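A short worksheet on the structure shown next.
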Amino acid sequence: MARRPRIEIAGIYHVVNRGVEQRVIFKEHADYEYFKELMCFYMKSYGITLHNYCLMSNHYHLLIEITSENLSKFMRQLNMNYAIYFNKKYKRVEHLWQGRFTSWYVTDEAYLYTLMCYIEQNPLKANMVKTLEAYPYSSYHHFLQDHIPECLSNSWIAQHHGNNKQAIVEILNASIDTEQLKELKKAASLIEAPNIDKKPDIQKLEHLFKDINDIKKRNKQILKAIKQGYSQHMIAKVLGISQQAVYGVVKRSRK
């Protein structure tokens, strides 16, 4: 089966990638540090903002923001160069990654806040540490330092809370509504719309909803637009409604 082409628009993305067969991709401290070095280098090269990250032994989470359509290019450079390093160091020739990275478009601030906590709390949920600041391979402990690294200087936390450590601790230790997170992920995952082999024409999409005021007719057009390959995010943007509302229309049509 052919791969679904990615739709990349400016905004914030939650990116996850895992080792093939869930194998370890970071064996020692130097591996984590090298990945972080590559990550920050290519983010600067591609003009990408890093908001949060967490490197686990067999996978990683990134919360990043792009201003142009270069997410796939950035990820290809990061994953390829780390795989070269890892395979050479440990004398292996197999694939390192399970496949393409997975990404979800962050649709609103509620999703952003939930993701920041979810990403930072990964080591805690896995019972690897008793406190978030004890884990050395995530962005959390950097936010509590007097000087935030350049790679995180434009992050949401740094820009909104700076050196207010108490506020940072309270925000990133907040409890997570896992059911809400699942629903938000479902809605955001369709940013990778199927059956698209070129950049979608937003003018045609706008025309599809022209002069439609009836909700039932609008919902029928939403489903038609989905079949034509438009993402839920783009439909929501054209209609001036939330992506969750578009997702709700799609979900009800499948019952």
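This is a predicted model, so every value here is computed, not measured.
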Aromatic plane relationship, Trp97 with Tyr82 - under 30° parallel, 30 to 60° tilted, over 60° perpendicular: tilted

Is there side-chain contact between Tyr60 and Ser138, with heavy atoms separated by less than 4.5 Å? no

Measure the CG-CG distance between Leu239 and Leu205 for me, rounded to the nearest 0.5 Å. 7.5 Å

Is any side-chain heavy atom of Asn173 less than 4.5 Å from a side-chain heavy atom of Glu170? no

Is Glu120 reaching over with its side chain to a backbone N or O of Tyr140, donor-acceptor style, under 3.5 angstrom? yes

What distance do Arg100 atom CZ and Asn79 atom CG have between them, rounded to the nearest 0.5 Å? 12.5 Å

Hey, does the side chain of Asn58 reach the backbone of Gln22 with a donor-acceptor pair shorter than 3.5 angstrom? yes

Let me confirm one number: the CD-CG distance from Gln77 to Asn70, rounded to the nearest 0.5 Å. 11.0 Å

Would you check if Tyr135 and Met56 make a side-chain contact, meaning some heavy-atom pair closer than 4.5 Å? yes

With side chains defined as the heavy atoms from C-beta onward, is the minimum distance between Tyr13 and Leu62 less than 4.5 Å? no

Is it the case that one hydrophobic cluster holds both Val129 and Val24, taking links as side-chain heavy atoms less than 4.5 Å apart, direct or via other members? no

Note, Tyr137 side chain near Glu33 side chain (heavy atom, < 4.5 Å): yes

For residues Ile12 and Leu115, determine if any side-chain heavy atom of one lies less than 4.5 Å from a side-chain heavy atom of the other. no

Heavy-atom count check: over 12 atoms from other residues, nucleotides or ligands less than 6.0 Å from Lys36 NZ? yes

Determine whether a donor-acceptor pair (N or O, by modelled atom type, separation under 3.5 Å) exists between the side chain of His161 and the backbone of Ile168. no

Report yes or no: do Tyr90 and Asp31 form a side-chain donor-acceptor pair below 3.5 Å? yes

Hey, could you give me the CE/CD distance between Met43 and Glu150, rounded to the nearest 0.5 Å? 12.5 Å

Evaluate the side-chain contact (heavy atoms from CB on, under 4.5 Å) criterion for residues Ile48 and Tyr42: first the C-alpha distance (whole Å), next the side-chain angles of each, then the deciding distance (0.1 Å), finally the verdict. CA-CA 8 Å; Ile48 291 173; Tyr42 285 114; over 6 Å; no

Are Lys165 and Glu133 close enough for a salt bridge, meaning some N to O gap below 4.0 Å? no

Which of Val16, Val15, Ile64, Asn17 passes side chain to side chain contact (heavy atoms under 4.5 Å, CB included) with Ser103? Answer is Val15

Nearest 0.5 Å please: distance from the CG atom of Leu208 over to the CZ atom of Arg218. 13.0 Å

Membership question, hydrophobic clusters at under 4.5 Å side-chain separation (ILVMFWY): are Ile84 and Phe26 in the same one? no

Verify the distance criterion only: is there a donor paired with an acceptor across the side chains of Tyr118 and Asn52 at less than 3.5 Å? no

Atom of Thr49, atom of Asn154 and distance for their closest heavy-atom approach: CG2-O, 3.5 Å

Where do Leu124 and Thr131 come nearest, in terms of heavy atoms and distance? CD1-N, 3.9 Å

His142 and Tyr53 aromatic ring geometry - parallel, tilted or perpendicular at 30°/60° bounds: tilted

Are there over 12 heavy-atom neighbours, none belonging to His160, within less than 6.0 Å of that residue's NE2? yes

Could you give the distance from NZ (Lys44) to CZ (Phe41), rounded to the nearest 0.5 Å? 9.5 Å

Verify the cluster assignment for Ile157 and Leu144: are they in a single hydrophobic cluster under the rule of side-chain heavy atoms below 4.5 Å apart? yes

In this structure, would Met80 and Leu55 fall into the same cluster of hydrophobic residues linked by side-chain contacts under 4.5 Å? no

Can you see which heavy atom on Asn122 is nearest to which on Cys54, and at what distance? CB-SG, 4.0 Å

Nearest heavy atoms of Ile66 and Ile9, plus distance in Å: CD1-O, 3.4 Å

Is the backbone of Ala174 close enough, under 3.5 Å, to the side chain of Gln121 for a donor and an acceptor to pair up by distance? yes

Shortest non-hydrogen pair, His51 vs Phe143, comes out as O-CZ, 3.4 Å

Leu71 and Phe101: side-chain contact (heavy atoms from CB on, under 4.5 Å), yes or no, with the steps? CA-CA 10 Å; Leu71 176 61; Phe101 65 92; 4.0 Å; yes

Carefully, step by step, assess Val93 and Asn87 under the rule side-chain contact (heavy atoms from CB on, under 4.5 Å). CA-CA 6 Å; Val93 293; Asn87 285 350; over 6 Å; no

Which atom pair, heavy atoms only, marks the closest approach of Ile119 to Leu63? CD1-CB, 3.7 Å

Go through the steps to decide whether Lys89 and Glu28 satisfy the test side-chain contact (heavy atoms from CB on, under 4.5 Å), and finish with yes or no. CA-CA 11 Å; Lys89 179 177 180 178; Glu28 58 183 32; 2.6 Å; yes

Distance-only, no hydrogens or angles: does the Tyr113 side chain make a donor-acceptor pair with backbone N or O of Ile171 under 3.5 Å? no

